Amino acid sequence: MSYIEGDIQRYLFYSEDTSYSVIKLRIVDTDDRDLVHFEPTIIVCGFFPKLEHSVRYRFYGDIINHAKYGIQYNANRFERLVDNTYEGLLDYLSSDLFKGVGKKTAERIIEELGMSALDQIAEDKHVLDKVPKIGEKLRDSIFEQVVKNKELENTLVWLYSFDISPKMAMRIYAFYGVNTIKTIKENPYILMDHIEGIGFKRADEIGLKVGFEYDSPLRISAVIYYLLSEYMSKFGDTYLEKSQMIEFTLSYLNSNPDFNIEPTLVETQLKQLFETGKIVVKDNLISLKFVYQAEEYIAQKVFKLSELNSETYDLQTIETLIQDLKTESFINYTKAQIKAIYTALNNNFSIITGGPGTGKTTVIKGVVDLYRMLHNYQVDSDDIKLAAPTGKAAKRLSEATDLPATTIHKLLGYDYEGNFKFDDINKIDAKILIIDEASMLDCLLAKKLFQAININTKVVFVGDANQLPSVGPGDVLNNLIESDLFNVVKLDLIHRQASDSHIISLAYDILNKNINENFFHNYEDKQFIAANDQSISLRIIDRIKYLIEEGFDLLNDIQVLIPVYKGYNGIDRINALIQQTFNDQNKAYQVKYKDKEFWYNDKVMQLVNQPEDNIMNGDQGVVIGITDNDELIVDFSENIVKYSLKDLDNLTLAYAVSIHKSQGSEFRSVIMPLSKAYTIMLKRKLLYTGVTRAKERLYLIGDFEAYKRGVLGVDRKRNTMLKNFLEDNLKTDSIKAVKISDFL
């Protein structure tokens with residue numbers, strides 16, 4: 001890695017959120033031969049704090065030729081230089097870094113302390129007491145700045161030694177400041193709590209490197225917390241039995257044959273986690289405290305919404321206006337749809353659920369149109385808000401209703417630092433709030449949403465209760481429906497335009513456990529393609545080739561959905577195979593990192609929330625550039641994001657994705673392999689959710705017995721505390737302001 005030294009001429013760009021900087025540097029010295037006879041200035045890019053114009057810096061990195069911006073220097077780290085000359089030290093001390101220190105004061109400091117002035121000040125601020133005309137306030141200010149500058153450089157270099165990217169290092173330093181090294185050495189596992197993107201495994205790598213024992217109490221606590229979090233992420237439960245928690249922890253810790261950790265050590269740390277408020281233990285059940293509090297809050301808020309008297313409209317008025325709306329929009333509403341619209345307009349909280357083709361989107365538009373008509377169209381644009389959990393779901397909702405819709409995160413004002421603008425103090429100002437694809441809401445996001453909802457807002461949840469529950473912990477929509485405490489309208493009539501769809505027919509066959517073998521073989525476009533485990537991948541490739549010949553675009557129209565990542569027909573191998581088959585012309589333009597390989601024009605997906613770049617877990621993009629410095633440039637629907645090598649842990653190929661990750665999205669064509677090797681993942685809700693992602697074409701490729709096993713498989717019910725909280729808050733006399741069972 002080369003270096004380049006120089007003075008900053010001017011800043012071209014600086015992000016307060018991420019510390020990403022683009023500066024114009026006057027070159028003074030370099031060890032890069034390509035730069036020796038270069039222009040006197042160069043553009044330097046990298047992640048570092050706001051630097052001073054009057055100070056010399058050395059940057060370490062590589063020269064690149066950017067396709068759009070030309071020659072640049074990509075810096076991975078930097079250090080502040082002070083010339084070992086009187087003039088250099090004088091310029092440094094009198095720079096903008098040291099407020100209140102002019103040239104004359106700097107001269108007095110050097111005259112009194114000599115050329116080692118900075119080292120002396122860093123060791124003992126009182127050496128400045130010897131310098132004439134420096135009072136206590138200025139002395140402390142100079143000392144703090146000297147220490148801060150040294151600490152920053154030392155801290156970043158120290159963090160880089162753990163294979164941490166410059167972007168992540170700046171995020172850590174921004175949180176802990178000059179105490180970064182001290183804090184991490186005392187407890188590296190605290191990074192899990194404060195820094196998004198650092199989980200147990202990365203924190204543990206650091207912990208073991210800085211000398212933490214394998215069986216140290218802090219590490220055992222971190223393992224418990226990590227395993228509980230992983231369990232909730234994998235299974236969606238919001239609690240675990242204490243005996244299971246101890247068993248899981250011992251199994252993880254004692255997988256190292258050099259150790260035999262006793263159960264008492266785990267129990268001691270469980271007690272410590274409880275006493276410090278990180279977990280909740282109730283009736284021998286263990287939950288992460290923030291998960292427990294989320295479900296508790298949801299129950300309380302939903303009851304509070306339901307208790308209030310809402311602005312109501314009589315059925316005759318609604319039916320009269322619907323007749324007018326029918327004339328205008330040529331929509332024939334069913335009785336169930338009218339019931340749903342009436343319920344939504346007459347209650348502070350209601351739920352509308354139904355499968356594909358039952359007209360959920362028609363009801364959403366009907367609620368909005370009727371509300372406007374009821375108020376003589378004197379409705380402010382901010383009075384009605386539509387949102388969904390993902391960007392694709394919000395876009396579909398907007399296209400289907402011709403109304404503006406946004407993600408729930410954007411609705412709540414989620415910013416680049418991971419904070420929410422709207423919360424329990426600063427409420428969303430809306431008369432009606434409609435949340436589509438509500439089955440995707442986990443308890444954590446649901447809590448954030450309910451916190452921001454004003455008590456006089458009419459809230460309508462719309463979703464398909466038969467789909468997979470959320471990726472995150474909880475089963476919010478199903479818990480609310482199954483409680484039978486709130487107004488729920490179920491749409492079950494499939495409309496004529498949907499009833500002819502082979503895809504929708506198959507979806508309902510799956511729900512009804514109807515295994516119609518003839519249906520597959522009679523479908524003219526070969527909806528089911530028989531294949532054994534060895535030939536499934538070949539059939540997937542053949543089908544993609546066929547679709548491309550039919551005019552389908554691989555990046556935008558075709559999605560392979562698979563329930564597992566590993567194995568011969570898992571997501572990882574199928575992604576690599578599709579990449580090699582259809583993107584091999586771009587193999588020369590590639591980036592390799594660990595076991596990952598990305599090529600130019602690859603379809604990729606983000607794996608974690610990255611608020612500083614305005615991208616979220618599950619967002620899909622396309623690789624549109626690879627720099628000479630092995631940086632990946634990805635286009636997420638016109639949001640351009642740069643990834644350094646060490647950031648690629650957050651990215652994966654997306655030709656094939658999990659069915660869970662596909663929720664909220666629709667694709668022109670879906671290909672679903674079916675293998676008995678998927679074993680426990682073959683369940684009815686999983687098949688149903690995958691099938692209903694397809695708009696025009698659906699291909700099931702594999703073993704028909706695997707399909708039957710999935711249709712007949714029993715879905716595991718999530719263990720949640722929300723059900724109990726709803727029962728605890730039950731006040732039957734105060735809910736259901738309008739009893740929908742009394743009409744129609």
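On a predicted model such as this, the values are computed, not experimentally measured, just so you know.
Screening residues 355-372 for salt bridge (charged side-chain N to carboxylate O under 4.0 Å, His left out), with sequence neighbours left out, gives Lys365-Asp369. Residue pairs meeting the salt bridge (charged side-chain N to carboxylate O under 4.0 Å, His left out) criterion with at least one partner in residues 459-468, sequence neighbours excluded, are absent. Within the structure, salt bridge (charged side-chain N to carboxylate O under 4.0 Å, His left out) contacts touching residues 397-413 (residues at least two apart or in different chains) do not occur.
Residues passing the salt bridge (Lys or Arg N to Asp or Glu O under 4.0 Å) test with Lys385, sequence neighbours excluded: Asp382. Checked against ring pair (Phe, Tyr, Trp, His ring centres under 6.0 Å), Phe450 has the following partners two or more places apart in sequence or in another chain: Phe461. Residues passing the ring pair (Phe, Tyr, Trp, His ring centres under 6.0 Å) test with His660: none are found, sequence neighbours excluded. Applying the ring pair (Phe, Tyr, Trp, His ring centres under 6.0 Å) test to Phe290 and every residue at least two apart in sequence or in another chain returns nothing. Residues meeting the ring pair (Phe, Tyr, Trp, His ring centres under 6.0 Å) test with Phe667, sequence neighbours left out: none. Applying the side-chain contact (heavy atoms from CB on, under 4.5 Å) test to Gln316 and every residue at least two apart in sequence or in another chain returns Asp314, Thr320. With sequence neighbours left out, the side chain to side chain donor-acceptor pair (under 3.5 Å) criterion links Asn617 to Lys661. Every residue was checked against the salt bridge (Lys or Arg N to Asp or Glu O under 4.0 Å) condition with Glu296, not counting sequence neighbours, and none meets it. Take Asp542 and apply the salt bridge (Lys or Arg N to Asp or Glu O under 4.0 Å) test, not counting sequence neighbours, and it matches Arg539.
In this structure, Thr238 contributes its side chain and Met721 its backbone to a donor-acceptor pair below 3.5 Å. Checked by atom type and distance alone, the side chain of Thr317 never pairs as donor or acceptor with a backbone atom of Tyr313 at under 3.5 Å. A distance-only check finds a donor-acceptor pair linking the side chain of Thr401 to the backbone of Leu397 [under 3.5 Å]. Side-chain atoms of Asp553 do not come within 3.5 Å of backbone N or O of Asp557 as any donor-acceptor pair. Looking at Asn512, its side chain does come within 3.5 Å of a backbone N or O of Tyr508 through a donor-acceptor pair. With hydrogens and angles ignored, the 3.5 Å screen pairs no side-chain donor or acceptor of Asp602 with any backbone N or O of Val604.
In this structure, the side chains of Met605 and Val657 come closer than 4.5 Å at one or more pairs of heavy atoms. Residues Asp436 and Leu386 are not in side-chain contact: their nearest non-hydrogen atoms beyond the backbone lie 4.5 Å or more apart. In this structure, Asp442 and Met232 have side chains that are not in contact, with every pair of non-hydrogen atoms separated by 4.5 Å or more. Looking at heavy atoms from C-beta onward, Gln663 lies in side-chain contact with Thr689 at the 4.5 angstrom threshold. Proximity of Phe582 to Ile544: side-chain heavy atoms (C-beta onward) are separated by under 4.5 Å at one or more points. Considering only heavy atoms from C-beta on, Tyr699 comes within 4.5 Å of Tyr546 through its side chain. Side-chain contact between Lys301 and Ile455: present, with at least one pair of heavy atoms (C-beta onward) separated by less than 4.5 Å.
Salt bridge Asp475/Arg718: absent, no basic N to carboxylate O contact under 4.0 Å. By the 4.0 Å N-to-carboxylate-O rule, Lys392 lies too far from Glu666 to be salt-bridged with it. Using a cutoff of 4.0 Å between basic side-chain nitrogens and carboxylate oxygens, Lys723 and Glu295 are not scored as salt-bridged.
Relative to the six-membered ring of Phe552, Arg668 meets both conditions, a distance below 6.0 Å and an angle of at most 45° to the axis.
Aromatic rings of Tyr292 and Tyr297 (six-membered ring for Trp) have centroids beyond the 6.0 Å cut-off, not under it.
Ring geometry for Phe420 versus Tyr414: interplanar angle of 30 to 60°, hence tilted.
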